[in-house]
Amino acid sequence: MILWLLACKPAPPVDSPATESPAPDSPIDSAPDLRPRFANPPEAEDLDPAEGSARFELTAGTLAQLVQDPVTGEAVAVEGFAYNGSTPGPTLRARVGDVVTVTLTNTLDSTTTIHWHGLAVPYAMDGVTWTDQGLAPGATFTYTFTVTRAGTFWYHPHFDTDRQVDNGLYGAFIVEDPQDPPVDRELVMVLDDWESPDSVAPPHGGVSDTHGADGDEGLWTVNGLVRPVVEAAGGERVRLRLVNASNSGYVALSYGGMRQIAGDQGLLPALVEPEQLLLPPGDRAELELLPSDSSFEVMDLPYSHAGGAGWADAEAMFAVEVEPAAPAATGAAWPFSGAPAPESAGPSEVVWVLSGELGGPWLINGERYPDVTVPRVVLGESAIIEVRNLSPSDHPFHSHGMEMEVLSVDGVAPTAAQVEDTINLAPRQTLRARVTPRYAGSWMMHCHILEHADGGMMTVLLVEEE
Ligand code: C2O
Ligand code: CU
Ligand code: CU
(Lines give C-alpha, C1' and ligand atoms only; values in the text may rest on other atoms or scores of the structure.)
(Ligands and ions follow the chains in the order given, each with its own letter.)
Protein backbone atom coordinates (compact mmCIF):
# COMPACT_ATOMS: atom_id res chain seq x y z
CA MET A 1 0.00 0.00 0.00
CA ILE A 2 1.29 3.47 -0.74
CA LEU A 3 1.09 6.27 1.69
CA TRP A 4 1.37 9.90 0.83
CA LEU A 5 1.48 13.00 2.86
CA LEU A 6 2.47 16.59 2.84
CA ALA A 7 6.21 16.84 2.89
CA CYS A 8 6.16 18.71 6.16
CA LYS A 9 4.38 15.98 8.11
CA PRO A 10 5.86 12.79 9.54
CA ALA A 11 5.01 9.75 7.47
CA PRO A 12 2.26 7.54 8.76
CA PRO A 13 3.72 4.06 9.10
CA VAL A 14 2.80 1.31 6.69
CA ASP A 15 -0.24 -0.39 8.11
CA SER A 16 -1.95 -3.72 7.74
CA PRO A 17 -3.73 -4.69 4.54
CA ALA A 18 -7.41 -3.92 4.16
CA THR A 19 -9.74 -6.22 6.02
CA GLU A 20 -11.75 -8.73 4.06
CA SER A 21 -15.45 -7.94 3.80
CA PRO A 22 -15.81 -6.64 7.34
CA ALA A 23 -19.24 -5.95 8.78
CA PRO A 24 -20.12 -2.28 8.40
CA ASP A 25 -19.64 -1.58 12.08
CA SER A 26 -16.82 -3.96 12.83
CA PRO A 27 -14.40 -2.85 15.52
CA ILE A 28 -11.23 -1.06 14.50
CA ASP A 29 -9.22 -3.65 12.64
CA SER A 30 -5.64 -2.73 13.35
CA ALA A 31 -3.93 -1.23 16.33
CA PRO A 32 -5.28 2.33 16.28
CA ASP A 33 -2.00 3.79 17.48
CA LEU A 34 -0.38 2.68 14.22
CA ARG A 35 -2.83 4.76 12.23
CA PRO A 36 -2.61 8.52 11.69
CA ARG A 37 -4.65 10.74 13.98
CA PHE A 38 -7.38 12.68 12.20
CA ALA A 39 -6.89 16.43 11.83
CA ASN A 40 -9.20 19.01 10.27
CA PRO A 41 -7.79 20.97 7.32
CA PRO A 42 -6.31 24.36 8.31
CA GLU A 43 -8.86 27.18 8.69
CA ALA A 44 -8.35 30.34 6.67
CA GLU A 45 -8.07 33.46 8.77
CA ASP A 46 -10.95 35.90 8.29
CA LEU A 47 -9.08 39.13 7.55
CA ASP A 48 -12.22 41.21 8.11
CA PRO A 49 -13.64 40.11 11.44
CA ALA A 50 -16.49 42.68 11.32
CA GLU A 51 -20.01 41.27 11.47
CA GLY A 52 -21.57 40.65 8.10
CA SER A 53 -18.39 40.17 6.13
CA ALA A 54 -15.56 37.72 5.67
CA ARG A 55 -12.37 38.26 3.71
CA PHE A 56 -9.80 35.64 2.73
CA GLU A 57 -6.62 35.45 0.70
CA LEU A 58 -5.72 32.40 -1.34
CA THR A 59 -2.64 31.67 -3.39
CA ALA A 60 -2.68 28.86 -5.93
CA GLY A 61 0.79 27.39 -6.18
CA THR A 62 2.82 24.23 -6.40
CA LEU A 63 3.51 21.91 -3.50
CA ALA A 64 6.24 19.33 -3.19
CA GLN A 65 4.83 16.09 -1.84
CA LEU A 66 6.42 12.82 -0.86
CA VAL A 67 4.91 9.58 -2.04
CA GLN A 68 6.15 6.22 -0.89
CA ASP A 69 6.90 3.84 -3.72
CA PRO A 70 5.08 0.62 -2.84
CA VAL A 71 7.73 -1.59 -4.45
CA THR A 72 10.98 -0.07 -3.28
CA GLY A 73 9.59 1.65 -0.22
CA GLU A 74 11.50 4.77 -1.23
CA ALA A 75 10.07 8.23 -0.88
CA VAL A 76 9.46 9.80 -4.28
CA ALA A 77 9.12 13.57 -4.53
CA VAL A 78 6.30 14.67 -6.77
CA GLU A 79 4.95 18.11 -7.47
CA GLY A 80 1.31 18.84 -6.80
CA PHE A 81 -0.77 22.00 -6.53
CA ALA A 82 -2.15 23.61 -3.40
CA TYR A 83 -3.93 26.65 -2.03
CA ASN A 84 -1.81 28.43 0.58
CA GLY A 85 0.62 25.52 0.58
CA SER A 86 -1.87 22.94 1.72
CA THR A 87 -4.08 20.31 0.13
CA PRO A 88 -6.90 20.29 1.07
CA GLY A 89 -6.65 24.08 0.99
CA PRO A 90 -7.73 26.07 4.03
CA THR A 91 -11.38 25.82 5.05
CA LEU A 92 -13.18 29.11 4.36
CA ARG A 93 -15.88 29.84 6.93
CA ALA A 94 -18.61 32.48 6.75
CA ARG A 95 -22.11 33.00 8.13
CA VAL A 96 -25.37 33.21 6.23
CA GLY A 97 -25.81 36.73 4.89
CA ASP A 98 -22.08 37.56 4.92
CA VAL A 99 -20.47 39.43 2.08
CA VAL A 100 -17.48 37.23 1.24
CA THR A 101 -14.38 38.58 -0.46
CA VAL A 102 -11.62 36.24 -1.61
CA THR A 103 -8.48 37.46 -3.31
CA LEU A 104 -6.83 34.79 -5.42
CA THR A 105 -3.24 35.09 -6.56
CA ASN A 106 -2.11 32.69 -9.26
CA THR A 107 1.51 31.62 -8.91
CA LEU A 108 1.05 28.57 -11.14
CA ASP A 109 2.46 28.60 -14.63
CA SER A 110 -0.99 28.01 -16.07
CA THR A 111 -4.30 29.84 -16.07
CA THR A 112 -6.64 29.11 -13.17
CA THR A 113 -9.90 30.29 -11.56
CA ILE A 114 -11.91 29.49 -8.45
CA HIS A 115 -15.43 28.17 -8.67
CA TRP A 116 -17.59 28.18 -5.51
CA HIS A 117 -19.21 24.81 -5.91
CA GLY A 118 -22.79 24.76 -4.63
CA LEU A 119 -23.03 28.50 -3.89
CA ALA A 120 -25.24 30.67 -6.07
CA VAL A 121 -23.10 33.72 -6.85
CA PRO A 122 -23.28 36.43 -9.56
CA TYR A 123 -22.13 35.04 -12.88
CA ALA A 124 -18.94 37.12 -13.03
CA MET A 125 -17.89 35.56 -9.70
CA ASP A 126 -18.56 31.93 -10.71
CA GLY A 127 -15.00 31.24 -11.87
CA VAL A 128 -15.96 29.71 -15.20
CA THR A 129 -14.28 30.36 -18.52
CA TRP A 130 -17.23 30.07 -20.93
CA THR A 131 -17.19 33.84 -21.41
CA ASP A 132 -14.27 34.88 -19.16
CA GLN A 133 -10.55 34.43 -19.58
CA GLY A 134 -9.53 33.20 -16.14
CA LEU A 135 -6.46 34.32 -14.22
CA ALA A 136 -3.22 34.19 -16.19
CA PRO A 137 -0.03 33.20 -14.37
CA GLY A 138 0.92 35.97 -11.97
CA ALA A 139 -2.56 37.54 -12.00
CA THR A 140 -4.70 38.41 -8.98
CA PHE A 141 -8.47 38.58 -8.90
CA THR A 142 -10.92 39.44 -6.14
CA TYR A 143 -14.11 37.43 -5.96
CA THR A 144 -16.97 38.91 -4.00
CA PHE A 145 -20.46 37.59 -3.35
CA THR A 146 -23.05 37.24 -0.62
CA VAL A 147 -23.69 33.79 0.86
CA THR A 148 -27.40 33.18 1.27
CA ARG A 149 -27.64 29.52 2.24
CA ALA A 150 -25.97 27.65 5.10
CA GLY A 151 -24.23 24.38 4.36
CA THR A 152 -21.07 22.57 3.39
CA PHE A 153 -19.73 23.70 0.02
CA TRP A 154 -16.30 23.61 -1.59
CA TYR A 155 -14.06 25.54 -3.92
CA HIS A 156 -11.90 24.43 -6.81
CA PRO A 157 -10.58 25.69 -10.17
CA HIS A 158 -12.83 25.64 -13.24
CA PHE A 159 -10.13 25.80 -15.89
CA ASP A 160 -8.26 22.65 -16.90
CA THR A 161 -10.38 21.37 -14.06
CA ASP A 162 -9.62 17.67 -14.25
CA ARG A 163 -5.86 18.19 -13.99
CA GLN A 164 -5.88 21.08 -11.51
CA VAL A 165 -8.28 19.44 -9.05
CA ASP A 166 -6.49 16.11 -9.39
CA ASN A 167 -3.25 17.87 -8.54
CA GLY A 168 -4.65 19.09 -5.24
CA LEU A 169 -6.50 22.40 -5.73
CA TYR A 170 -9.61 22.15 -3.55
CA GLY A 171 -10.90 23.13 -0.14
CA ALA A 172 -14.06 23.20 1.97
CA PHE A 173 -16.29 26.29 2.18
CA ILE A 174 -18.58 26.33 5.20
CA VAL A 175 -21.50 28.67 5.60
CA GLU A 176 -22.71 28.61 9.19
CA ASP A 177 -26.23 29.29 10.36
CA PRO A 178 -26.23 30.99 13.77
CA GLN A 179 -29.50 29.15 14.53
CA ASP A 180 -27.81 25.76 14.43
CA PRO A 181 -27.39 24.17 17.86
CA PRO A 182 -23.82 24.04 19.17
CA VAL A 183 -21.95 20.73 19.04
CA ASP A 184 -18.98 19.44 21.01
CA ARG A 185 -16.81 18.79 17.99
CA GLU A 186 -16.93 19.62 14.31
CA LEU A 187 -15.04 17.52 11.81
CA VAL A 188 -14.35 18.57 8.24
CA MET A 189 -13.35 15.69 5.97
CA VAL A 190 -12.23 16.35 2.42
CA LEU A 191 -11.98 13.00 0.65
CA ASP A 192 -9.78 12.25 -2.35
CA ASP A 193 -8.54 9.08 -3.94
CA TRP A 194 -5.57 7.62 -5.72
CA GLU A 195 -6.21 5.60 -8.79
CA SER A 196 -4.93 2.36 -7.36
CA PRO A 197 -2.93 1.34 -4.33
CA ASP A 198 -0.03 0.20 -6.49
CA SER A 199 0.20 3.29 -8.65
CA VAL A 200 2.33 6.26 -7.75
CA ALA A 201 1.48 8.17 -10.91
CA PRO A 202 2.04 11.65 -9.56
CA PRO A 203 0.65 13.35 -7.79
CA HIS A 204 -2.82 12.02 -7.15
CA GLY A 205 -2.86 9.14 -9.56
CA GLY A 206 -3.73 9.31 -13.21
CA VAL A 207 -7.19 9.41 -14.62
CA SER A 208 -9.09 6.87 -16.58
CA ASP A 209 -12.66 6.39 -17.60
CA THR A 210 -12.77 2.93 -16.14
CA HIS A 211 -11.70 4.18 -12.74
CA GLY A 212 -14.14 2.77 -10.22
CA ALA A 213 -16.04 0.80 -12.84
CA ASP A 214 -15.52 -2.48 -11.03
CA GLY A 215 -16.09 -0.89 -7.65
CA ASP A 216 -12.39 -0.78 -6.84
CA GLU A 217 -12.00 2.79 -5.73
CA GLY A 218 -8.26 2.81 -5.25
CA LEU A 219 -6.79 4.33 -2.13
CA TRP A 220 -8.75 7.04 -0.34
CA THR A 221 -7.37 9.80 1.79
CA VAL A 222 -9.18 11.91 4.40
CA ASN A 223 -7.57 15.38 4.50
CA GLY A 224 -4.54 13.66 3.00
CA LEU A 225 -4.43 10.94 5.69
CA VAL A 226 -4.86 7.24 5.00
CA ARG A 227 -7.48 5.63 7.24
CA PRO A 228 -7.16 8.15 10.08
CA VAL A 229 -8.51 7.66 13.58
CA VAL A 230 -10.91 10.26 15.01
CA GLU A 231 -10.89 10.55 18.78
CA ALA A 232 -14.21 11.26 20.43
CA ALA A 233 -15.66 10.88 23.90
CA GLY A 234 -18.85 9.01 24.74
CA GLY A 235 -21.76 11.42 25.18
CA GLU A 236 -20.40 14.00 22.74
CA ARG A 237 -22.29 15.47 19.82
CA VAL A 238 -20.12 15.51 16.73
CA ARG A 239 -20.99 17.27 13.46
CA LEU A 240 -19.19 15.74 10.51
CA ARG A 241 -19.00 17.67 7.24
CA LEU A 242 -17.97 15.56 4.25
CA VAL A 243 -16.75 16.73 0.84
CA ASN A 244 -15.95 14.31 -1.98
CA ALA A 245 -13.21 16.18 -3.86
CA SER A 246 -12.19 13.20 -6.00
CA ASN A 247 -12.22 13.62 -9.77
CA SER A 248 -14.08 10.39 -10.34
CA GLY A 249 -14.23 8.24 -7.21
CA TYR A 250 -17.52 7.37 -5.54
CA VAL A 251 -17.77 7.01 -1.78
CA ALA A 252 -20.42 4.77 -0.20
CA LEU A 253 -19.98 5.15 3.56
CA SER A 254 -21.49 2.74 6.01
CA TYR A 255 -21.57 2.18 9.77
CA GLY A 256 -24.26 1.26 12.24
CA GLY A 257 -26.62 4.01 13.37
CA MET A 258 -25.82 6.60 10.69
CA ARG A 259 -27.64 9.94 11.15
CA GLN A 260 -27.60 12.26 8.15
CA ILE A 261 -28.57 15.86 8.91
CA ALA A 262 -27.60 17.69 5.71
CA GLY A 263 -27.10 17.16 2.02
CA ASP A 264 -25.25 19.34 -0.46
CA GLN A 265 -27.51 22.38 0.03
CA GLY A 266 -27.67 22.46 3.80
CA LEU A 267 -29.93 20.82 6.37
CA LEU A 268 -32.34 18.17 5.15
CA PRO A 269 -36.04 18.69 5.89
CA ALA A 270 -35.77 15.94 8.52
CA LEU A 271 -33.22 13.53 9.97
CA VAL A 272 -32.44 10.59 7.69
CA GLU A 273 -30.97 7.32 8.97
CA PRO A 274 -29.62 5.66 5.83
CA GLU A 275 -27.95 2.30 5.61
CA GLN A 276 -25.25 3.86 3.48
CA LEU A 277 -24.35 7.34 2.28
CA LEU A 278 -23.48 7.63 -1.40
CA LEU A 279 -21.28 10.61 -2.17
CA PRO A 280 -20.48 10.94 -5.87
CA PRO A 281 -17.64 13.25 -6.98
CA GLY A 282 -18.40 16.88 -6.04
CA ASP A 283 -21.12 15.99 -3.52
CA ARG A 284 -21.28 16.82 0.19
CA ALA A 285 -23.26 15.67 3.21
CA GLU A 286 -23.30 16.15 6.96
CA LEU A 287 -23.63 13.47 9.60
CA GLU A 288 -24.27 13.65 13.32
CA LEU A 289 -22.22 11.20 15.37
CA LEU A 290 -23.36 10.32 18.88
CA PRO A 291 -20.59 8.10 20.27
CA SER A 292 -21.26 6.12 23.42
CA ASP A 293 -19.25 3.09 24.49
CA SER A 294 -17.74 1.45 21.45
CA SER A 295 -15.18 2.42 18.87
CA PHE A 296 -16.14 1.74 15.27
CA GLU A 297 -14.84 1.69 11.74
CA VAL A 298 -16.52 3.73 8.98
CA MET A 299 -16.41 1.59 5.87
CA ASP A 300 -16.41 2.57 2.20
CA LEU A 301 -18.52 0.01 0.36
CA PRO A 302 -17.63 -0.91 -3.22
CA TYR A 303 -19.58 1.20 -5.70
CA SER A 304 -19.41 0.89 -9.44
CA HIS A 305 -19.82 3.70 -11.97
CA ALA A 306 -21.88 1.24 -13.92
CA GLY A 307 -24.80 1.61 -11.57
CA GLY A 308 -24.19 0.05 -8.18
CA ALA A 309 -22.24 -2.52 -6.25
CA GLY A 310 -18.89 -3.89 -7.43
CA TRP A 311 -16.50 -6.73 -6.81
CA ALA A 312 -14.11 -5.08 -4.44
CA ASP A 313 -14.08 -5.52 -0.67
CA ALA A 314 -15.32 -2.81 1.62
CA GLU A 315 -12.40 -0.73 2.89
CA ALA A 316 -11.99 1.32 6.03
CA MET A 317 -12.25 5.08 5.38
CA PHE A 318 -11.66 6.22 8.96
CA ALA A 319 -12.25 4.98 12.49
CA VAL A 320 -13.90 6.60 15.49
CA GLU A 321 -12.11 5.72 18.71
CA VAL A 322 -14.39 6.36 21.64
CA GLU A 323 -12.76 7.11 24.99
CA PRO A 324 -14.02 7.37 27.66
CA ALA A 325 -17.29 5.51 27.30
CA ALA A 326 -20.48 7.29 28.37
CA PRO A 327 -24.16 7.08 27.43
CA ALA A 328 -24.86 8.52 23.99
CA ALA A 329 -26.23 12.05 23.82
CA THR A 330 -29.58 12.61 22.18
CA GLY A 331 -29.48 14.20 18.74
CA ALA A 332 -29.15 18.00 18.70
CA ALA A 333 -32.25 20.10 18.02
CA TRP A 334 -31.46 20.82 14.37
CA PRO A 335 -33.87 23.36 12.86
CA PHE A 336 -35.20 20.93 10.24
CA SER A 337 -37.78 22.57 8.00
CA GLY A 338 -40.08 19.59 7.47
CA ALA A 339 -40.67 20.98 3.97
CA PRO A 340 -42.57 18.71 1.57
CA ALA A 341 -41.45 17.95 -1.98
CA PRO A 342 -42.75 20.48 -4.51
CA GLU A 343 -45.73 19.64 -6.67
CA SER A 344 -44.60 18.11 -9.93
CA ALA A 345 -46.48 20.13 -12.50
CA GLY A 346 -46.05 20.79 -16.17
CA PRO A 347 -43.84 19.59 -18.96
CA SER A 348 -40.05 19.81 -18.84
CA GLU A 349 -38.85 23.03 -20.45
CA VAL A 350 -35.24 21.97 -20.88
CA VAL A 351 -34.24 18.36 -21.59
CA TRP A 352 -30.66 17.16 -21.44
CA VAL A 353 -29.85 13.63 -22.52
CA LEU A 354 -26.56 12.18 -21.30
CA SER A 355 -24.95 9.71 -23.65
CA GLY A 356 -21.60 8.11 -24.40
CA GLU A 357 -19.60 4.93 -24.12
CA LEU A 358 -16.88 3.86 -21.70
CA GLY A 359 -13.79 5.51 -23.12
CA GLY A 360 -15.84 8.51 -24.26
CA PRO A 361 -16.69 10.87 -25.74
CA TRP A 362 -19.37 11.86 -23.24
CA LEU A 363 -22.14 13.98 -24.68
CA ILE A 364 -25.19 16.02 -23.68
CA ASN A 365 -27.95 16.07 -26.31
CA GLY A 366 -25.43 14.54 -28.69
CA GLU A 367 -23.21 17.62 -28.39
CA ARG A 368 -19.76 18.03 -26.99
CA TYR A 369 -18.82 21.14 -25.01
CA PRO A 370 -18.06 23.86 -26.06
CA ASP A 371 -20.06 23.24 -29.27
CA VAL A 372 -23.42 23.23 -27.52
CA THR A 373 -26.92 24.56 -28.07
CA VAL A 374 -27.83 26.96 -25.26
CA PRO A 375 -31.45 26.99 -24.08
CA ARG A 376 -32.80 30.11 -22.39
CA VAL A 377 -34.87 30.54 -19.25
CA VAL A 378 -36.13 33.69 -17.56
CA LEU A 379 -34.47 35.25 -14.51
CA GLY A 380 -36.49 34.74 -11.33
CA GLU A 381 -39.02 32.40 -12.92
CA SER A 382 -39.20 28.71 -12.16
CA ALA A 383 -38.44 26.29 -14.96
CA ILE A 384 -38.47 22.50 -15.08
CA ILE A 385 -35.35 20.75 -16.28
CA GLU A 386 -35.07 17.09 -17.12
CA VAL A 387 -31.88 15.02 -17.29
CA ARG A 388 -32.00 11.54 -18.79
CA ASN A 389 -29.00 9.27 -18.47
CA LEU A 390 -28.95 7.00 -21.51
CA SER A 391 -25.28 6.10 -21.10
CA PRO A 392 -23.82 2.98 -19.45
CA SER A 393 -22.14 5.02 -16.69
CA ASP A 394 -23.29 6.92 -13.61
CA HIS A 395 -22.96 10.70 -13.86
CA PRO A 396 -23.17 13.14 -10.95
CA PHE A 397 -25.07 16.00 -12.59
CA HIS A 398 -24.10 19.43 -11.26
CA SER A 399 -25.85 22.78 -11.73
CA HIS A 400 -24.12 26.15 -11.49
CA GLY A 401 -25.85 29.32 -10.36
CA MET A 402 -29.02 27.65 -9.12
CA GLU A 403 -30.02 24.69 -7.02
CA MET A 404 -32.25 21.90 -8.29
CA GLU A 405 -35.43 21.10 -6.36
CA VAL A 406 -36.05 17.47 -7.20
CA LEU A 407 -39.54 16.79 -8.59
CA SER A 408 -38.93 13.15 -9.39
CA VAL A 409 -36.37 10.50 -10.22
CA ASP A 410 -37.77 7.94 -12.66
CA GLY A 411 -41.22 9.39 -12.07
CA VAL A 412 -41.10 8.92 -8.31
CA ALA A 413 -41.31 12.07 -6.20
CA PRO A 414 -39.12 12.32 -3.10
CA THR A 415 -40.93 11.92 0.22
CA ALA A 416 -39.74 15.36 1.39
CA ALA A 417 -38.09 18.41 -0.15
CA GLN A 418 -34.80 17.43 -1.81
CA VAL A 419 -32.56 20.28 -2.91
CA GLU A 420 -29.32 19.49 -4.71
CA ASP A 421 -26.54 21.01 -6.72
CA THR A 422 -24.93 17.64 -7.43
CA ILE A 423 -27.11 14.57 -7.91
CA ASN A 424 -26.02 11.16 -9.10
CA LEU A 425 -27.84 9.59 -12.03
CA ALA A 426 -27.30 5.87 -12.54
CA PRO A 427 -27.67 4.40 -16.05
CA ARG A 428 -31.25 4.77 -17.37
CA GLN A 429 -32.28 7.16 -14.58
CA THR A 430 -34.22 10.34 -15.33
CA LEU A 431 -34.31 13.41 -13.11
CA ARG A 432 -36.93 16.14 -13.21
CA ALA A 433 -36.16 19.22 -11.14
CA ARG A 434 -37.35 22.77 -10.70
CA VAL A 435 -34.85 25.60 -10.91
CA THR A 436 -35.48 29.26 -10.07
CA PRO A 437 -32.43 31.23 -11.21
CA ARG A 438 -31.54 34.23 -9.04
CA TYR A 439 -28.77 35.59 -11.25
CA ALA A 440 -28.50 36.18 -14.98
CA GLY A 441 -25.69 34.36 -16.72
CA SER A 442 -24.57 31.53 -18.96
CA TRP A 443 -24.61 28.84 -16.29
CA MET A 444 -22.62 25.66 -16.72
CA MET A 445 -24.37 22.35 -16.19
CA HIS A 446 -22.18 19.25 -16.23
CA CYS A 447 -21.14 15.87 -15.05
CA HIS A 448 -18.81 16.14 -12.04
CA ILE A 449 -16.68 13.17 -13.03
CA LEU A 450 -14.09 15.65 -14.16
CA GLU A 451 -12.68 13.68 -17.05
CA HIS A 452 -16.22 13.38 -18.38
CA ALA A 453 -16.71 17.14 -17.97
CA ASP A 454 -13.38 18.06 -19.58
CA GLY A 455 -14.12 15.44 -22.24
CA GLY A 456 -17.27 17.28 -23.29
CA MET A 457 -20.10 16.37 -20.89
CA MET A 458 -20.89 20.00 -20.09
CA THR A 459 -23.53 22.33 -21.37
CA VAL A 460 -24.83 25.83 -20.69
CA LEU A 461 -28.18 27.28 -19.56
CA LEU A 462 -28.70 30.96 -20.40
CA VAL A 463 -30.60 32.97 -17.79
CA GLU A 464 -31.81 36.35 -18.99
CA GLU A 465 -34.26 38.99 -17.90
CA GLU A 466 -37.52 38.76 -19.75
CU1 C2O B 1 -17.53 21.65 -8.89
CU2 C2O B 1 -18.66 23.13 -12.44
O3 C2O B 1 -18.09 22.43 -10.64
CU1 CU C 1 -20.07 23.98 -9.35
CU1 CU D 1 -20.08 11.58 -16.23
Side-chain angles (χ1 to χ4, degrees), residues 88-89 112-121 123 125-130 132 134 143 145 149 151-162 164-166 169-173 190 192 207-213 243-250 264-265 279-284 304-307 352-364 368-370 387-404 420-427 429 431 435 439 441-461:
T112 195
T113 66
I114 294 185
H115 168 61
W116 314 97
H117 181 126
L119 295 166
V121 303
Y123 179 66
M125 298 295 138
D126 200 44
V128 296
T129 50
W130 168 253
D132 278 329
Y143 294 91
F145 48 85
R149 185 186 278 268
T152 302
F153 307 97
W154 64 302
Y155 61 97
H156 64 76
H158 222 285
F159 180 87
D160 197 6
T161 315
D162 190 20
Q164 293 193 3
V165 174
D166 196 35
L169 288 177
Y170 50 73
F173 192 123
V190 183
D192 196 4
V207 290
S208 102
D209 272 336
T210 57
H211 173 63
V243 178
N244 183 352
S246 166
N247 288 44
S248 59
Y250 280 66
D264 66 24
Q265 287 284 311
L279 270 192
D283 209 1
R284 292 87 58 213
S304 163
H305 281 192
W352 289 307
V353 177
L354 312 182
S355 68
E357 299 293 330
L358 293 179
W362 300 99
L363 307 171
I364 298 180
R368 190 170 183 178
Y369 182 86
V387 188
R388 299 181 199 146
N389 181 6
L390 299 192
S391 86
S393 168
D394 284 44
H395 303 284
F397 190 79
H398 172 53
S399 58
H400 282 221
M402 63 200 81
E403 59 277 7
M404 299 176 280
E420 308 263 9
D421 61 73
T422 307
I423 180 168
N424 192 57
L425 288 177
Q429 275 189 330
L431 165 74
V435 295
Y439 295 106
S442 303
W443 297 104
M444 314 228 93
M445 304 281 158
H446 63 91
C447 173
H448 220 281
I449 293 177
L450 296 178
E451 59 257 44
H452 292 185
D454 281 11
M457 196 172 248
M458 288 206 285
T459 194
V460 174
L461 179 65

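In each ligand, atom 1 is the first atom listed, and ligand 1 is the first ligand listed.
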Please name the residue in the list His395, His398, His115 that meets the ring pair (Phe, Tyr, Trp, His ring centres under 6.0 Å) test with His448.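 Testing His448 for a ring pair (Phe, Tyr, Trp, His ring centres under 6.0 Å) against His395, His398, His115 leaves exactly one candidate, His398.
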If only atom types and distance count, is the side chain of Trp116 paired as donor or acceptor with the main-chain N or O of Met125 below 3.5 Å?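 It does hold such a pair.
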Is the backbone of Gly134 close enough, under 3.5 Å, to the side chain of Asp132 for a donor and an acceptor to pair up by distance?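 No; judged by distance alone, with no hydrogens or angles, the pair does not exist.
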Would you call Asp421 and Arg149 a salt bridge, taking side-chain N to carboxylate O under 4.0 Å as the test?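 No, Asp421 and Arg149 are not salt-bridged.
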Regarding His400 and Asp126, is there a side-chain donor-to-acceptor distance under 3.5 Å anywhere?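 A donor-acceptor contact under 3.5 Å links the two side chains.
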Under 3.5 Å, is there a donor-acceptor pair linking the side chains of Gln164 and Thr112?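 Side chains of Gln164 and Thr112: pair found under 3.5 Å.
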If we only look closer than 2.8 Å, how many protein N, O or S atoms does the Cu ion (ligand 2) have near it?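 With waters ignored, the protein N/O/S count below 2.8 Å is 2.
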To the closest 0.5 Å, what do you measure between CG (Asp283) and NE2 (His117)?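 Between Asp283 CG and His117 NE2, I get 7.0 Å after rounding to 0.5 Å.
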Any chance you could measure His452, atom NE2, to Leu363, atom CG, to the nearest 0.5 Å?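 One finds 11.5 Å between NE2 of His452 and CG of Leu363.
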Side-chain heavy-atom pair Asp264, Glu403 within 4.5 angstrom cut-off: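 They are not in contact (no side-chain heavy atoms under 4.5 Å apart), so the answer is no.
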State, with a plain yes or no, whether a side-chain heavy atom of Tyr143 is found less than 4.5 Å away from one of Ile114.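 SC-SC contact between Tyr143 and Ile114 confirmed.
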Restricting to N/O/S, name the atom of His446 that gets closest to atom 2 (Cu) of ligand 1.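 Result for His446 and atom 2 (Cu) of ligand 1: NE2.
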Show all protein N/O/S atoms under 2.8 Å from atom 1 (Cu) of ligand 1, or state that there are none.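 Listed by chain and number: His117 ND1, His156 NE2, His448 NE2.
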